[in-house]
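Some notes on the structure that comes next.
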Amino acid sequence: MTSPSPLQRLRTVLDDAVLNVTGGERPKSAPTLERPKQAAHGDYATNAAMLLPKLVGAAPPMIAERLSVALTEYLGDDLQAIDVAGPGFLNLRLSDAWLARALAQVLEAGDAYGTAGAGDAAEAIHLEFVSNNPTGPVHIGGARGAAFGSALANLLTFHGHRVHREYYVNDHGNQVELFGASLQARARGEEPPEGGYQGDYVTEVASRIPEAATRPVGEVATEGIALMVAAQKASLEAFRTTFDQWFSERSLHAPRGDGNPTHPSGPGAPDATAGADGPADATGPSEVDEAFAVLAEQGRTYERDGALFLSTTELGDDKDRVLVRADGRPTYFASDVAYHHDKRVRGYDRVIDVLGADHHGYVARIEAAFEALGGDRDRIELLITQFVNLFEAGERAKMSKRAGEFVALDDLVADIGVDAARWYLLARSHDTTIDLDLVDAREQAPENPVYYVQYAHARIRSILVRADAGETTAREPDDGSVNASERELVLAVLAWPDEVAEAAARRAPHRIATYALSLARGFAAFYRDCEVLAEGLPADVRARRLDVCSATVAVLASALGILGVDAPERMDREHAEVDAA
RNA sequence: GCCCCCGUAGCUCAGUGGAUAGAGCAGUGGUUUCCUAAACCAUGUGCGCAAGUUCGAUUCUUGCCGGGGGCACCA
């Protein structure tokens, strides 16, 4: 268990003060303790007094006065000033000594600072993301899903949850057959069939399948899918996105057979290659069959016109959905149902599906299916990532490169680099459309936020390295006081655990990017106003400011780590240009 | 028609039930004997419209307007 952060301790004190004033009762919503928008309002402001009029039977300013008395007593010398302001806010200003102690606690926590905030509420989470069709390269939509999903996984893990990352491979059904037929057509030097796959990559993949022109089309499809999955895996790894498991849709339809471990990769088990087909000679029901049996038990299915329906309507969907067509073939939805049955039985506390914008129509039916399977609706979340529009100097970017009608993840990475690509895809809320201008993103300059943040990290590292070597600079030392810039920076560092908690709770890794940028700006002000290595600076001042640097760089590294963006030791133009080339 | 997302500064977007709504970019004007100038400073009368809930709404609810997307016994 990590020790409480300085801010948590302060919250506890505030809570005590509230209880003191109310005589033991708490307001419905917890009081805020936040940085006020204006510096003149102190280090922290709380709305506590405005939450208590009904409990206390007094007006907010009056309550604020009483809270103020209690806080003054509890905090003693740590409290430099406390004021009642506006409609009942309490503005607190802490002493330099308090700040110094808080900073020491941050350094003591080291790399663990800000982690494990979930505490006892930590969950085992199944996180599915990307899940492109394995019939082509990872495209721009998949890139956003990959950036968002991997960063969300990093964020939730950092916060203390246990996250299982999974990619669902749609290796079953009509599209697979069509892909096989397209591959074979290319191998024969023909055009793909009506509605088939057109991209140049189809020809390329076909050329890597031995005798693709003459073998049974099913085999061609299987090999083609395997090649595409391998290619996607490589693209995603280069994009710093990895999975604990690639789950095969096809496996859901295979007989599981006796003794075949049904759910080998639950939260308690080591990662395994679950989702692989059962033994070749396995018999018995498939997982789809098992899921159907569960639905039937729950009384959620019925037959009509020869087809098997799931009554999702009674669970909030627009209409009931077909599981098995009249001709006996299961629908794609049947796979989805079985897949979620599998996730459920594997025993996670929570299931999160990250889906592309084109899948939002599935939300209602998947939630309904999850509930129909006996799941708790509060335990499944479907997050929809919105579209990415690419621009080139304000013009809509031409979408056709080598992958057909879409831009591939590989093309994006080759163009602007992994760091910029991840940053631009992650800096915005997942549910807003992104207009990404490649000219801006390519810019290897501090005008580009991603490099600005990296530069802040590199600059601090440089200071720390020089300090370790005992270096001083010939600069004029300042008076060594704790000035406004230093204070602001420390307060920003102290906000990190709250930022993580909020971002995790909201499934919002973009908040980490926003925070990182503001922390980098806070450091720039500190760097401008505070000498660190100047010769003639008192040793205690130098030590204190080096501590500020150490704490800041640790938080920046953690933030960039969550985003999957490199935190470099140094930056220089030559390297940047080489990387971009 | 129904459903989902969005509508905040010139542009791209953060943000919040509360005290004077922010950042980046672009623009303008400055700064370099500088721990990396890949820097810094100054400069901004903006929450689509209308009701409702609230002590207080840009934030929550409803309606409308505008933009994007989705509505298969395809995957």
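Every chain is numbered from 1, with letters handed out A, B, ... down the list of sequences.
One P atom belongs to B:rU62, the other to B:rC4, and the distance between them is 10 Å to the nearest Å. Across the P atoms, B:rA38 and B:rU32 are found 16 Å apart, a figure rounded to whole Å. Here, B:rU61 and B:rA57 have their C1' atoms 11 Å apart, quoted to the whole Å. Taking atom P in both B:rG15 and B:rU28, one finds a spacing of 31 Å when rounded to whole Å. Rounded to a whole angstrom, the distance from the P atom of B:rC11 to that of B:rG17 is 27 Å. As rounded to the nearest Å, B:rC5 and B:rA14 have P atoms that lie 15 Å from one another. For the P atoms, the distance linking B:rC34 with B:rU8 amounts to 45 Å, nearest Å. For the P atoms, the distance from B:rU59 to B:rC47 is 12 Å, rounded to whole Å.
Between the CD atom of A:E502 and the P atom of B:rG15 there is a distance of 10 Å, given to the nearest Å. Separating the CG atom of A:N448 from the P atom of B:rA37 is a distance of 19 Å, rounded to the nearest angstrom. Between A:R475 atom CZ and B:rU32 atom C1' the separation is 11 Å, expressed in whole Å. For the pair A:N389 CG and B:rG67 P, the computed distance is 15 Å after rounding to whole Å. When rounded to the nearest whole Å, the span between CE of A:M62 and C1' of B:rC55 equals 17 Å. In this structure, A:R461 places its CZ atom 14 Å from C1' of B:rC35, rounding to the nearest Å. Distance A:L517 CG to B:rG15 P: 13 Å, rounded to the nearest Å. Atom CG of A:D431 and atom P of B:rC4 are 13 Å apart (whole Å).
B:rG17 makes up no base pair with any nucleotide shown, lacking Watson-Crick or G-U wobble contacts both under 3.5 Å. Here B:rC73 sits opposite no nucleotide as a Watson-Crick or G-U wobble pair (both hydrogen-bonding atom distances under 3.5 Å). Across all strands shown, B:rU31 pairs with B:rA39; the Watson-Crick or G-U wobble distances both stay below 3.5 Å. Applying the Watson-Crick and G-U wobble criteria (two distances, each under 3.5 Å), B:rG63 pairs with B:rC49. The nucleotide B:rG56 finds no pairing partner, because no Watson-Crick or G-U wobble arrangement with both distances shorter than 3.5 Å includes it. Base pairing of B:rC25: its partner is B:rG10, meeting the Watson-Crick or G-U wobble criterion (both donor-acceptor distances under 3.5 Å).
Remark: A:R35 is not in phosphate contact with B:rG22, judged by side-chain N or O atoms under 4.0 Å from OP1 or OP2. Distances shorter than 4.0 Å separate none of the side-chain N or O atoms of A:K37 from OP1 or OP2 on B:rU20. At least one side-chain nitrogen or oxygen of A:Y452 sits closer than 4.0 Å to the OP1 or OP2 atom of B:rC40. Distances shown here put a side-chain N or O of A:H510 below 4.0 Å from the OP1 or OP2 atom of B:rG15. For B:rC41, one of the phosphate oxygens OP1 or OP2 lies less than 4.0 angstrom from a side-chain nitrogen or oxygen of A:R528. For the pair A:S518 and B:rA23, the criterion of a side-chain N or O lying under 4.0 Å from OP1 or OP2 is not met. Contact annotation: A:R521 side-chain N/O to B:rG22 OP1/OP2 distance is not under 4.0 Å.
Between A:Q386 and A:R329, the residue whose closest nucleotide on RNA chain B is further toward the 5' end is A:Q386. Mapped onto RNA chain B by nearest heavy atom, A:A357 and A:C530 fall at different nucleotides, with A:C530 at the one closer to the 5' end.
Ranking B:rU36, B:rU12, B:rG15 by closeness to the A:D435 side chain, first place goes to B:rU12. When distances are taken from the side chain of A:Y455 to each of B:rU36, B:rA14, B:rC13, the shortest belongs to B:rU36. For A:K319, the listed nucleotide lying nearest its side chain is B:rA72; candidates were B:rU36, B:rA19, B:rA72. Side-chain atoms of A:D358 lie closest to B:rG70 of the nucleotides B:rG70, B:rG15, B:rC35. The side chain of A:E447 lies closest to B:rA26 when the candidates are B:rA26, B:rC35, B:rU36. Here the side chain of A:R428 is nearest to one of B:rA37, B:rA14, B:rG15, namely B:rA14. With B:rU36, B:rC35, B:rA19 as the candidates, the nucleotide lying closest to the side chain of A:A458 is B:rU36. Comparing B:rA19, B:rC6, B:rA72 against the side chain of A:P36 picks out B:rA19 as the nearest. The nucleotide whose nearest atom lies closest to any side-chain atom of A:A45 is, among B:rC73, B:rU36, B:rA19, B:rA19.
Cation-pi check for A:R377 over A:F370 is not met; the charged atom does not lie both under 6.0 angstrom from the ring centroid and within 45 degrees of its normal.
A distance-only check finds a donor-acceptor pair linking the side chain of A:T313 to the backbone of A:D320 [under 3.5 Å].
Using the six-membered ring where Trp is involved, A:Y168 and A:Y332 have ring planes that are tilted, between 30° and 60° apart.
The existence of a salt bridge linking A:D318 and A:R365 is excluded, since no basic side-chain nitrogen approaches an acidic carboxylate oxygen closer than 4.0 Å. Comment: A:R545 engages A:D478 in a salt bridge, judged by a side-chain N to carboxylate O separation of less than 4.0 angstrom. Between A:R321 and A:D317 a salt bridge is recorded (basic side-chain N to carboxylate O distance below 4.0 Å). Salt bridge absent: A:R475 and A:E535 never bring a charged side-chain N and a carboxylate O closer than 4.0 Å.
For the side chain to side chain contact (heavy atoms under 4.5 Å, CB included) criterion with A:L33, the lone passing option out of A:L14, A:L90, A:D498, A:N47 is A:L14.
With hydrogens and angles ignored, no donor-acceptor pair under 3.5 angstrom links the side chain of A:H360 to the base of B:rC71. For B:rA19, the base has a donor-acceptor partner in the side chain of A:N91 [N/O atoms by modelled type, under 3.5 angstrom].
Stacking between A:F387 and B:rG68 is absent: the ring centroid is not both under 5.5 Å from the six-membered base ring centre and under 30° in plane angle.
Looking at every heavy atom in both residues, A:A421 comes nearest to A:L412 through CB-CD2, 4.0 Å.
Counting non-hydrogen atoms under 4.0 angstrom, A:N174 reaches the backbone sugars and phosphates but no base.
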